[in-house]
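A quick write-up on the structure given underneath.
Chain A is the first sequence line, chain B the second, and so forth, proteins listed ahead of strands; every chain is numbered from 1.
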Amino acid sequence: MLDPRRLRTDLAAVKAGLARRGLDLAEIDRAADLEARERALKAEVEGLRARVRVLSKEVGQARRTGDTAAADALAAESRALGEQERVIDGEAAALASALRDILLVTPNLPADDAPDGASEHDNVVVRTEGYDAGAYAAHQRVPHWEVGATLGILDMERGAKLSGSMFPMFRKQGATLVRALCQLALDRNADAFEEIRPPSLVRTDTMVSTGHLPKFVDEGYHLERDDLWAIPTAEVPLTSLARDEILAEADLPMRLMAYTPCFRREAGAAGRDTRGLLRVHEFDKVEILAYATPEQAAEVHADLVARAEGSLRALGLAYRVLDLCAGDLGGSSRRTFDLEVYAPGCDMWLEASSVSWFGDYQARRANIRYRPAEGSGTHMVNTLNGSALAVPRVWAAVVETHRQPDGSVALPEVLWPYFRGARSITG
RNA sequence: GGAGAGGUGACCGAGUGGCCGAAGGUGAUCGCCUGCUAAGCGAUUAAGGGGUGUAAAGCCUCUUCGAGGGUUCAAAUCCCUCCCUCUCCGCCA
């Protein structure tokens, strides 16, 4: 959430930032107006309230001295003021909730150095690693769903039987590969990140903190009976971990990682890129996340990107790094680098990680602050996160990239420790 | 799931309608004292919003005693709902 104060101190900059996302600015003007009116009413309410409190004390004193007539008169006066207060307070509350409704769906301002652009076509390819269009042999040009079916390590039909389409089922070494990829990502980041195993079902508040609600209700799996949401990413519980807390600056950056299942309804995406593992309702992912000071944020962001890249490189995969343009940035993000892994079998660049810097946008929603080592008061932390490794698309890229002429899949050396002595997937 | 007890500041803990933003203690910080250490003495020690101020400080004011609602001139205190913790019983991987 944007700082409501900026609506009166910095409205031009807010509007300029939102304009870069191609947003209609009428709502923001309305929000600024609501903010100003709400504040004026609140000042009035506070004045009345102060008066009521003074009078109430006087009533108490009068009662104690036995002056009931004076007490009754004061009480009557106070009651009248109290009624007035209630009316104005009601108006202020209505304005406040209208303002909040707008701010909750208003996205973050893009960072100054995020590239301009309106859509995904304007994203900037920062670099491409390990990709050589001419270097792929025919045996690598087989899509992973065929490789998986042939080797018996990916069973989409059975997954669909149990849960519907887009619920993959991995078998044998395919299942091992899922687990190995996660274990690899955890092991590679254990030097700096505390491992967390959070709950996979969370409350509505928790989804609101990260910006997944109210805007993306249709994307979430909701358990009606218990009013819980299945997490779409570990970002949700990890960001809320420090909700309503005040961290010490000495503890920042605080780095966390978690391996969790992720659930996404993919409501708007029916029929698009849905073959095999390109888009699924449930998948495993290792997320890395940090709380940082604003000064630390840039360096931490670069580190998260480097770590996400490192895993792809270690797996021998080709990938490219995209700097998302203002128009394609996720709503909560100020700057995002997407990592797309190349899958030769389906000849596609698959988004495998999205590493974002949120500024204090999420922190304000979640009320996560830190106390500076020097000086007084508290400040909002900055939050950053990204996938260290998201299984399905990486699984697909591994299987396609390392497919051998005989149909088996050679395992990259970094995965050997997790395969009980096997060096390849043979089905 | 059933029965009961609770949730107060960094922590412990008092507080059943007004003199309570909250006794007392612990911890922490600063100062004094002190051969060293320990002890002792004194002071300070919540967050946030609005206003005032060139800024810092300060000053005025509001909110917050698990959360939300209600009663009242006045709520930590009374009522309702919810959340959480603990104990016992039941069930269970």
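- In summary, of the residues considered (A:Asp112, A:Asp328, A:Asp323), a salt bridge (Lys or Arg N to Asp or Glu O under 4.0 Å) with A:Arg335 occurs for A:Asp323 alone.
- Within the shown strands, B:rG58 is the pairing partner of B:rU52 under the Watson-Crick or G-U definition, both distances less than 3.5 Å.
- With both ends at atom C1', the span from B:rG6 to B:rA76 equals 15 Å, rounded to whole Å.
- B:rG21 atom C1' lies 10 Å from atom NZ of A:Lys57, rounded to whole Å.
- Using a 4.0 Å cut-off on heavy atoms, the residues of residues 66-83 of chain A that approach RNA chain B are A:Ala75, A:Ser78, A:Arg79, listed by number.
- Shown here, B:rA75 forms no base pair; nothing in the strands shown gives a Watson-Crick or G-U wobble contact with both key distances under 3.5 Å.
- Checking side-chain atoms of A:Arg364 against main-chain N and O of A:Met1 turns up a donor-acceptor pair under 3.5 Å.
- For A:Tyr370, the ring pair (Phe, Tyr, Trp, His ring centres under 6.0 Å) test picks out A:His379, with sequence neighbours left out.
- Using a 4.0 Å cut-off between charged side-chain N and carboxylate O, A:Glu77 and A:Arg51 make a salt bridge.
- Atom name C1', nucleotides B:rG17 and B:rU77: the rounded distance is 7 Å, in whole Å.
- Going from the P atom of B:rA67 to that of B:rC41 covers 36 Å, rounded to whole Å.
- Across all strands shown, B:rC91 has no partner, as no Watson-Crick or G-U wobble contact with both distances under 3.5 Å is found.
- A salt bridge does not link A:Arg179 with A:Asp284: every distance from a Lys NZ or Arg NE/NH1/NH2 to an Asp or Glu carboxylate oxygen is 4.0 Å or more.
- Across the strands present, B:rC32 finds its partner in B:rG40; the criterion is a Watson-Crick or G-U wobble pair with both atom distances under 3.5 angstrom.
- Residue A:Arg243 contributes atom CZ, which lies 15 Å from atom P of B:rC83 at whole-angstrom precision.
- Of the nucleotides present, B:rA10 is the one that pairs with B:rU26 by Watson-Crick or G-U wobble criteria, both distances under 3.5 Å.
- Rounded to whole angstrom, the span from the CZ atom of A:Arg369 across to the P atom of B:rA10 amounts to 11 Å.
- One finds a salt bridge joining A:Asp191 and A:Arg307 here, because a Lys/Arg side-chain nitrogen approaches an Asp/Glu carboxylate oxygen to under 4.0 Å.
- Ion pairing between a basic and an acidic side chain is recognised when a charged N comes within 4.0 Å of a carboxylate O; A:Glu27 and A:Arg30 show such pairing.
- Taking atom CG on A:Asp244 and atom C1' on B:rA46, their separation rounds to 15 Å, with Å as the unit.
- If A:Arg203 and A:Ser56 are placed on RNA chain B by their nearest nucleotide, the residue sitting closer to the 5' end is A:Ser56.
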Just by protein heavy atoms under 4.0 Å, how would nucleotides 50-65 of chain B read 5' to 3' in B, S and -? SS---------SSS--
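- When the nucleotides B:rA74, B:rG18, B:rC83 are ranked by their closest atom to the side chain of A:Arg64, B:rG18 comes out on top.
- Residue A:Arg364 contributes atom CZ, which lies 18 Å from atom P of B:rA47 at whole-angstrom precision.
- One interatomic measurement links the two molecules: CE of A:Met1 to P of B:rG49, which rounds to 12 Å at whole-angstrom precision.
- Pair assignment for B:rC20: none, as no Watson-Crick or G-U wobble contacts are both less than 3.5 Å.
- Checking B:rU85 for Watson-Crick or G-U wobble geometry (two distances, each under 3.5 Å) identifies B:rA5 as its partner.
- Only the P atoms considered, B:rG9 is 15 Å distant from B:rG68, to the nearest whole Å.
- Nucleotides B:rA75 and B:rU64, compared at atom P, are 9 Å apart to the nearest Å.
- A salt bridge does not link A:Glu83 to A:Arg79: none of the charged side-chain nitrogens sits closer than 4.0 Å to a carboxylate oxygen.
- Salt-bridge check for A:Asp72 with A:Arg63: passed, with a basic side-chain N closer than 4.0 Å to an acidic carboxylate O.
- A gap of 12 Å separates the C1' atoms of B:rG18 and B:rU72, to the nearest Å.
- Comparing B:rU26 with B:rG13, their C1' atoms are spaced 10 Å from each other, to the whole Å.
- Distances from the side chain of A:Ile246 to the nucleotides B:rA47, B:rC73, B:rC84 place B:rA47 closest.
- The distance from atom CG of A:Leu247 to atom P of B:rA46 is 20 Å, rounded to the nearest whole Å.
- Residue contacts for A:Arg63: at a heavy-atom cut-off of 4.0 Å it reaches a base atom on one of the strands shown.
- Ring planes of A:His281 and A:Tyr221: perpendicular class, angle over 60° (limits at 30 and 60°).
- Counting heavy atoms from C-beta outward, A:Tyr291 and A:Leu241 have side chains that approach closer than 4.5 Å.
- Regarding A:Arg371, its CZ atom lies at a distance of 17 Å from the P atom of B:rA28, rounded to whole Å.
- B:rC30 and B:rU85: their C1' atoms are spaced 37 Å apart (whole Å).
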